[in-house]
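Structure, as structure tokens:
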Amino acid sequence: MDAVVPDLGPAGVGRRGADSSAGRDVVIVGGGAAGTSVLVQLVDALSRASGAGGAGARAVRSVRVVDPRPMGWGLAFGDSDPLLMCNSAVDLNSVRARRPRDFEDHLRQRGWTGRAQECVPRSWMAEYCHARSVQARARAAAHGVDVDRLSATARALEVRADGYRVLLSDGRRLAADDVVLCTGVRRPRVPDGFAAWQDHPRYLDSPYPSARLRAALGQRPRRVLVLGTHQSAVDAALLLCRDGHQTTLTSPSGQLPAVRTALAAPPHALPALDRVADLDPADPYLGDRLLRHTVEAVRSVSPLPWRRQVSTAADPVRRLREETALAEAGACHWARAYAPLIDAAIALGGTLSGERRRALMARFAPFVNRYVTALALVNARRLVAHCDAGLLRVAAGYPRAVAYADERWRVRWPDSAVREYDHVVNATGFHPPQPHWDGAARTLYLEAPPASATALDHLAADLRVRTDPTAAPERVWLVGVGTHLRIPFANHLHNVVRQADEVAGHLLRPPNP
């Protein structure tokens, strides 16, 4: 899949100069899990169309994937450190919507003997995506479709009368009839109180990639302050404590995620959640009804009362210990309802206005942060062990002030105590991608937009870009985390794969006149 691509030239016209009746030229921006899923399912769709003798088999002539990294090795899964685990089970991680056991089958063929409800290292998912992309390229060639990867970053997209031009970081312009944006996340959030320290050599803007983190801290034990207490911060703590660094986690909430066995497919249908998509978007009590359906679904999974499935301890480490014990005892039955709950929220979210969707997400943010994005049991056990070893603590508050002097960070806490640290690691997550549109230049900017561009906030129901509410949708689709413009939990892989399958179908259909 990662063959060398001929240089298109700084003002290249790609393949569109050839006979357009031979098929359309597709560009996929991003080669992580989302981009891989689009490619694999597009080739699957081509195979089905070819088998049925339909015109769809001739709809696509070429596919170009734009990403500086090998296929599958994006930010989400592309870290080779075995300590970093997928946060959902094997049975939810297929990149094929119509083959939900595809990831499991891939692992079984390589000798894996685990359970489909287990979590595995993220690098296994990257390897799977890469393998499927290589297979997709070979299958596409059998249908006369040329597939390649361009090792570059896409910076902008020009909208022209004869199609699109994707502007690459190396100066090339890639012509396309259809574009799918699967850019993922790139820009770390800036934590409160640390805006002035973004370029400091002892401040890391993210724990990823893990190799950079290890290189920055070296082998001598350090005192490290990690900003955040959710999934990225958990990753940072696991990596740092493994290497013997004294690690402190801090966030405004001060709360770690809850603990569960795995985010896996439910054991049976949950009618209470199936009805969520039918709720009235204009209902003033929509939030209350959504909560009621969630409680009903959890109760249908197990008669064990909620209070006996979770810990209510105020101290985050004590709560971690208690919820780890509950998960080990098989008592956190609530987790079985959460994969379909996310799917139900996604289906409902697509019917809501942006304002209403944001209000609901804000209302349930504490619930989402603790339970929907809960810790896998394997990681919870590791955190408990690091706490027991004295390597990990969770601060009782968030820093009030920070300074750097004499090669030390000096942090003042809410109780006025001042503590020193060698390094600070930002683990507060990433900003979702936000394309910007410049109407005068007829350009959609994917990064570094000029002041004349405005943030894109229109996305059609079929995930196509609208440059303004009255404009016809472009032959440009968003898949994955970029669909946050319309979809909650946009980074949920099960949802991303469904989106990719739908978009692959659209790519085989001729454009409207």
Residues forming a side-chain hydrogen bond (donor to acceptor under 3.5 Å, both in side chains) with [X], sequence neighbours excluded:
| X | result |
| --- | --- |
| H436 | none |
| R189 | none |
| Y128 | D102 |
| R202 | none |

Could you tell me whether H423 and W409 have their ring centroids closer than 6.0 angstrom?
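Ring-ring flag for H423/W409: false, centres at least 6.0 Å apart.
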W197 and Y203 aromatic centres sub-6.0 Å:
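No, they do not, as the ring centres are separated by 6.0 Å or more.
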Does [X] reach the main-chain N or O of [Y] with its side chain, forming a donor-acceptor pair under 3.5 Å?
| X | Y | answer |
| --- | --- | --- |
| D67 | G30 | no |
| Q231 | T373 | yes |
| E420 | R410 | no |
| H484 | A490 | no |
| T294 | L290 | yes |
| T229 | Q255 | yes |

Quick one: salt bridge (Lys or Arg N to Asp or Glu O under 4.0 Å) pairs with a partner in residues 368-384, sequence neighbours left out?
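Residue pairs passing salt bridge (Lys or Arg N to Asp or Glu O under 4.0 Å), neighbours aside: E323-R370, E328-R381.
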Going by the salt bridge (Lys or Arg N to Asp or Glu O under 4.0 Å) test, which pairs reach into residues 291-306, not counting sequence neighbours?
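Applying salt bridge (Lys or Arg N to Asp or Glu O under 4.0 Å) to every pair that reaches into residues 291-306, excluding sequence neighbours, yields R275-E296.
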Please list, chain by chain and in numerical order, all residues satisfying salt bridge (Lys or Arg N to Asp or Glu O under 4.0 Å) with R108, sequence neighbours excluded.
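Per chain and number, R108 pairs via salt bridge (Lys or Arg N to Asp or Glu O under 4.0 Å) with E104.
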How would you list, by chain and number, every residue that makes a salt bridge (Lys or Arg N to Asp or Glu O under 4.0 Å) with D288, sequence neighbours excluded?
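Result, salt bridge (Lys or Arg N to Asp or Glu O under 4.0 Å) vs D288: R363.
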From R419 atom CZ to L225 atom CG, the distance as rounded to the nearest 0.5 Å
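Between atom CZ of R419 and atom CG of L225 there are 11.0 Å.
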From R155 CZ over to L444 CG, what is the distance, rounded to the nearest 0.5 angstrom?
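Between R155 CZ and L444 CG, I get 15.5 Å after rounding to 0.5 Å.
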Partner residues of [X] under the side chain to side chain contact (heavy atoms under 4.5 Å, CB included) criterion, sequence neighbours left out:
| X | answer |
| --- | --- |
| T153 | P68, S169, R186, E447 |
| A448 | none |
| R321 | V317, V384, C387, D388 |

Please determine whether the number of non-hydrogen atoms from other residues, nucleotides or ligands lying under 6.0 Å from atom CZ of R101 exceeds 12.
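Incorrect, the count does not exceed 12.
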According to side-chain hydrogen bond (donor to acceptor under 3.5 Å, both in side chains), does anything in residues 72-90 pair up with another residue at least two apart or in another chain? List the pairs.
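Of all non-adjacent pairs touching residues 72-90, those that pass side-chain hydrogen bond (donor to acceptor under 3.5 Å, both in side chains) are D79-S210, D81-R242, N87-R260, S88-N93.
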Give the ring-plane orientation class for F367 versus Y371, where under 30° counts as parallel, over 60° as perpendicular and anything between as tilted.
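Plane angle between 30° and 60°, so tilted.
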